[in-house]
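Because only heavy atoms are used, hydrogens play no part in the values below, and waters and symmetry mates are left out as well, while side chains stay in. As the structure lists them, so they are numbered: ligands from 1, and atoms in each ligand from 1.
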Amino acid sequence: MKALKMKMIVFLMVAAITTLGFAQDTALPNVKILATGGTIAGSASSATSGSYSAGQVGIKTMINAVPGIKEIADVSGEQIANVGSQDMSVDIWLKLANRINELLSSDKVDGIVITHGTDTQEETAYFLNLVVKSDKPVVTTGSMRSSTSISAEGPLNLYNAVAIAADPQSKGKGVMVSLNDQIHAARDVSKMNTTNVNSFQSPIKGMLGGVFYGRLGFFREPNTKFGNTSEFSVEGIKELPRVDILYAYADMSPDLIDMHVKAGAKGIVIAGVGNGNMTEATLNAAKKAYEDHGVIIVRSTRAATGWTLRDNEFKDDDYHTVVSGDLNPAKARVLLMLALTKEKSLAELQDVFYEY
Ligand code: ASP
């Protein structure tokens, strides 16, 4: 009788532990969606019109438009901004980065999704990649078609982004950008087409992974510094040094460099022709901008893909120039703004472009 009682107690204990464990396993991951606007929150007067206004719909409406989203994660939304991403600003970046760091430091948040316009999404994602101090997943998403458009792809993109943010295998991958069933590393992705839903591509390194109705897998690891290994942070930062981008072309005039210096630029990224080239007169103006004003000149390229390499057609040391490697001009600008928050020699700045 006593043995039977004992058996009953053990059985009940095992049942209780199993139930408890089961309850823990089925608790949904907690994903916060931070909304900033864009076409994904845009609306038009007609489902077949290409004209629309970005940043019209609030985060609650967006979440409610995604069937099944509450079955894959415990989602809640917060409106950080509601702008077309052509109006994205350093102020919003700082607000976003500080809020993400605050949320991810809590045990109650497992991952973050950011809804964002597609025009400057790669810049915001790369900025966050450098300053978010957590291994938890952070995913940006958006859409090329407005929320009222025929075949709007925003709801599926948002569903997939939440699935990525909720999945433990997404940890430690840096900030990711997901649209059109693809997962890209923030550092490597570019908007490559003005209207197509397959606009986002990583032309040099390829996708990080793929996602299909919430099922996902990764093909490779990011291979530059980010997150906890990044030396950059937004702590105590209220603004960033001004860095401008100058587009190079045949017969480019050197006085453009002087205009940017006069306007207060601390750095200039040249979207150079080919391998980061510019007219000889512009190169001499760039050299003078560094010598007379300490303005840092970074050579990137206006070509859609490829590296800019040191000492390719002249010695970079002779002109005090830094090369961006495979960072496009917009991202080279983001990195230079953060790098200029620290005291660095030209050689150290060059290393930053190799490492990040
Ligand atoms: N101009 C829009 C934006 O970047 C375009 C889009 O989201 O697709 O906000």
Check your understanding: Which protein heavy atom lies closest to atom 8 (O) of ligand 1, and at what distance to 0.1 Å?
Key ->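 Nearest neighbour among protein heavy atoms for atom 8 (O) of ligand 1, to 0.1 Å: Thr118 OG1, 2.5 Å.
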Review point. What is the nearest protein non-hydrogen atom to atom 2 (C) of ligand 1, stated with its residue, atom name and distance?
Key: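 Scanning the protein heavy atoms, the shortest distance from atom 2 (C) of ligand 1 goes to Thr39 OG1, 3.5 Å.
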Check your understanding: Any donor and acceptor pair, going by atom type alone, linking the side chain of Thr321 with main-chain N or O of Ile297 inside 3.5 Å?
Key ->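 Here the side-chain-to-backbone pair does not exist.
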Please say whether [X] places an N or O atom under 3.5 Å from an N or O atom belonging to ligand 1.
X: Tyr52; answer: no
X: Ser85; answer: yes
X: Gln86; answer: yes

Review point. Ser143: heavy atom below 4.0 Å from ligand 1, yes or no?
Key: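 True for this residue.
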Review point. Just which atoms of ligand 1 are under 4.0 Å from any heavy atom in Gly84?
Key: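 Within the 4.0 Å cut-off of Gly84, ligand 1 contributes 9 (O).
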**Study point:** From CZ (Phe232) to NZ (Lys133), nearest 0.5 Å
**Key:**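 Spacing of CZ (Phe232) from NZ (Lys133) equals 9.0 Å.
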Review point. Less than 4.0 Å between a side-chain N and a carboxylate O, is that true for Asp188 and Arg220?
Key: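 A salt bridge links Arg220 with Asp188.
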Point to revise | Pair Asp317 + Arg310: basic N to acidic O under 4.0 Å | key: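 Yes, Asp317 and Arg310 are salt-bridged.
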Review point. Looking at the rings of Tyr319 and Phe314, which for Trp means the six-membered one, are their centres under 6.0 Å apart?
Key: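 Yes; Phe314 has its ring centre under 6.0 Å from that of Tyr319.
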Point to revise | Side-chain H-bond candidate by donor/acceptor type, His116 with Thr140, under 3.5 Å | key: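 Looking only at side-chain atoms, Thr140 and His116 do not form any donor-acceptor pair under 3.5 Å.
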